[in-house]
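Following: one structure in structure tokens, then a few remarks.
Every heavy atom of this structure was used, including side-chain atoms; hydrogens, water molecules and symmetry mates were not. Chain identifiers are assigned alphabetically (A, B, ...) following the order of the sequence lines, protein sequences preceding nucleic acid strands; residue numbering begins at 1 within each chain.
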Amino acid sequence: MIEWSPSKIKAFQETLLAWYDKEKRDLPWRRDHAPYHVWISEIMLQQTQVQTVIPYYERFMAQFPTVEALANAKESDLMKAWEGLGYYSRARNLQRAAQQLVTDHHGVWPTTAEGLRELAGIGPYTAGAIASIAFGQPVPAVDGNAFRVFSRLLEIDDDIAKPKTRSVFEAAIQRMMPADRPGDFNQAIMDLGSSYMTAKNPDSAHSPVKAFNQAYLDGIEDQFPVKTKKPRPVPVDLLALVIRRGDQLLLLKRPNSGLLAGFWTFPMVDVAELQAASERDLVLESDLSRALQKWAMDEFKLALTAIGFTGGQQVTHTFTHRKWRISLVVADLAVDADLSYFPGQWLTPKAVAKTAFPKVQTKLFDQARALKLME
DNA sequence: CATACGTGGTA
DNA sequence: TTACCAAGTAT
């Protein structure tokens, strides 16, 4: 890692901000610096691309225009607004933070990064972003862009996948913050990171700050940032149950923590767990069918009959750490089946449009329709 | 500290 | 298809 003199820092600030004044992106959340607008956009932008966020942001602001509206929103409406964006705890934390603002802070925003950190879902990056953009505080906002940009500018070779590395970057960036325009500085770094100083195929030869890019000048730009790789998603085989009653389908509410927390999906069984719980190898469909019936009875006192394996191709869905491979299974409910132990509900076709579903469930709906199992 | 947590885009 | 990336946070 290299050090810059005060005069070089000054020159960098001027070059960067002059470029930003000319070339900054025209984004919906940049129409003003209202903390509510900055906050919602920053949460949506976590691990999510600008192009994906724009339509969600516009709809969200139309539906929940103020902190109070968000605090008082129905959770089902909120989740429907967030449907498809992923990382759904972001939406739930958003509402919790709105309620914190209304009740704990009487509607008055904390103006410092430390104060903002008290709000649900606001970590070190988002606190820095809101504090600098909305409140003019000279604090860094260290996101993936900042890691990438400054690792190249200063040849910082600490592993950005390690949590402790954040403090190294925060300290380095803190010394560069211009006292008069910290918000613009942080946003300029992000624009730089998404234009010239990209992760793949950077165009540093035309970058406005190429003269400051030490890694580029040394011809070692491809060595930065240093980042250890993440493990590949683990394959998981599942069975999804399509249980019908007329035109309705039986859906199961997932636990309130963990993957797709709180969402309604087809009941799903992990094939490996089913196998482990079985007394014999599940080689025949009749064996699988028997194991499935026992599973439903053990788990929910749910009696299933006429279990059929559809044979259609598997539905696959990949998360950050899991790869689901799902086979659809049609089952009938025994005529005297007792649903009182089943934490589920019958879903009408009309309710499908009103309810928020995770992407994997919409894929399962699509497959069920293709197999003429619904609608 | 390492891992869980969604989805869509690109090479 | 795999691999990796995209304005991270909670536990």
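Shown for residues 57-76 of chain A: no residue has heavy atoms falling under 4.0 angstrom of DNA chain C. Residues from residues 22-43 of chain A placing a heavy atom under 4.0 Å of any atom in DNA chain C, listed by number, are R25(A), L27(A), W29(A), R30(A), E42(A). Proximity of residues 176-207 of chain A to DNA chain B (heavy atom under 4.0 angstrom from any strand atom) is restricted to K200(A). Applying a 4.0 Å cut-off to non-hydrogen atoms, the residues of residues 121-142 of chain A that approach DNA chain C are G121(A), I122(A), G123(A), P124(A), Y125(A), T126(A), listed by residue number. Remark: P358(A), K359(A) in residues 353-368 of chain A come within less than 4.0 Å of DNA chain B through at least one heavy atom.
Salt-bridge check for E83(A) with K80(A): passed, with a basic side-chain N closer than 4.0 Å to an acidic carboxylate O. Ion pairing between a basic and an acidic side chain is recognised when a charged N comes within 4.0 Å of a carboxylate O; R92(A) and E75(A) show such pairing. Salt bridge annotation for E14(A)-R181(A): absent, with no cationic side-chain nitrogen under 4.0 angstrom from a carboxylate oxygen.
A gap of 22 Å separates the P atoms of dT9(C) and dG8(B), to the nearest Å. Here the separation of dA6(C) from dC5(B), taken at their C1' atoms, is 15 Å to the nearest Å. Taking atom P in both dG6(B) and dT11(C), the straight-line distance is 14 Å, to the nearest Å.
Expressed to the nearest 0.5 Å, how far CD of Q293(A) lies from CG of L302(A) amounts to 10.5 Å.
Q49(A) comes within contact range of at least one nucleobase, with a heavy-atom separation under 4.0 Å. Counting any heavy atom pair closer than 4.0 Å across all strands shown, V53(A) reaches no nucleic acid atom.
D203(A) pairs by the side chain to side chain donor-acceptor pair (under 3.5 Å) definition with H206(A), not counting sequence neighbours. Residues forming a side chain to side chain donor-acceptor pair (under 3.5 Å) with R30(A) (at least two apart in sequence, or on another chain): Q187(A), D191(A).
Spacing between atom CG of L85(A) and atom P of dG9(B) amounts to 12 Å, rounded to whole angstrom units.
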Go through D366(A) and R369(A) one step at a time and tell me if the salt bridge (Lys or Arg N to Asp or Glu O under 4.0 Å) criterion holds. CA-CA 5 Å; D366(A) 289 343; R369(A) 289 191 195 95; 3.1 Å; yes
Take K210(A) and Y216(A) through the test side-chain contact (heavy atoms from CB on, under 4.5 Å) and record every step on the way to the result. CA-CA 7 Å; K210(A) 71 172 179 183; Y216(A) 168 70; 4.2 Å; yes
Step by step, would you call K363(A) with H317(A) a side-chain hydrogen bond (donor to acceptor under 3.5 Å, both in side chains)? CA-CA 8 Å; K363(A) 288 184 184 176; H317(A) 188 79; 3.0 Å; yes
As a quick check of understanding, evaluate side-chain hydrogen bond (donor to acceptor under 3.5 Å, both in side chains) for Q248(A) and R245(A), giving each step before the final call. CA-CA 5 Å; Q248(A) 300 180 327; R245(A) 185 178 71 183; 3.1 Å; yes
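Side-chain contact check for K24(A) versus D184(A): every heavy-atom pair is 4.5 Å or farther apart. A 4.5 Å side-chain heavy-atom check between I40(A) and L70(A) finds at least one atom pair inside the cut-off. Using a 4.5 Å cut-off on side-chain heavy atoms (C-beta onward), L339(A) and L250(A) make contact. No side-chain heavy atom of L153(A) sits less than 4.5 Å from a side-chain heavy atom of Q214(A).
A centroid separation of less than 6.0 Å is found between the aromatic rings of W4(A) and F212(A). Remark: aromatic rings of Y88(A) and F263(A) are close, center separation under 6.0 Å.
Between H317(A) and dG6(B), a side-chain N or O to OP1/OP2 separation shorter than 4.0 Å is absent.
Comparing Q47(A) and T165(A), the nucleotide of DNA chain B nearest to each residue sits closer to the 5' end for T165(A). Between L45(A) and L119(A), the residue anchored closer to the 5' end of DNA chain C is L45(A), taking for each the nucleotide with the nearest heavy atom.
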Without placing hydrogens or testing angles, list every side-chain donor-acceptor pair under 3.5 Å for residues 133-145 of chain A, not counting sequence neighbours.
residue	atom	partner	partner atom	Å
D143(A)	OD1	N145(A)	N	3.2
D143(A)	OD1	A146(A)	N	2.9
D143(A)	OD2	N145(A)	ND2	3.2
N145(A)	OD1	R148(A)	NH2	2.7

Return all side-chain donor-acceptor pairs below 3.5 angstrom for residues 120-132 of chain A, not counting sequence neighbours, or 'none' if the list is empty.
residue	atom	partner	partner atom	Å
Y125(A)	OH	E42(A)	OE1	2.6
T126(A)	OG1	Q46(A)	NE2	3.0
S132(A)	OG	G128(A)	O	2.8
S132(A)	OG	A129(A)	O	3.1
S132(A)	OG	N186(A)	ND2	2.9

Return the polar atom pairs (N/O with N/O) between nucleotides 3-5 of chain B and the protein under 3.5 Å, or none.
residue	atom	partner	partner atom	Å
dC5(B)	OP1	L259(A)	N	2.8
dC5(B)	OP2	H321(A)	NE2	2.6
dC5(B)	N3	Y87(A)	OH	3.4

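Summarising the geometry of L238(A) relative to D270(A), their closest heavy-atom pair is CD2-CA, 3.5 Å, with the distance given to 0.1 Å. Closest approach of A73(A) and F64(A) over heavy atoms only: CB-CE2, 3.4 Å.
When hydrophobic side chains of Ile, Leu, Val, Met, Phe, Trp and Tyr are connected at separations under 4.5 Å, F224(A) ends up clustered with I220(A).
In terms of polar N and O atoms assigned as donor or acceptor, the side chain of T48(A) never comes within less than 3.5 Å of the base of dG8(B) in a complementary pairing.
For DNA chain C, the span of nucleotides reached by chain A at under 4.0 Å from its heavy atoms goes, 5' to 3', from dT2(C) to dA10(C).
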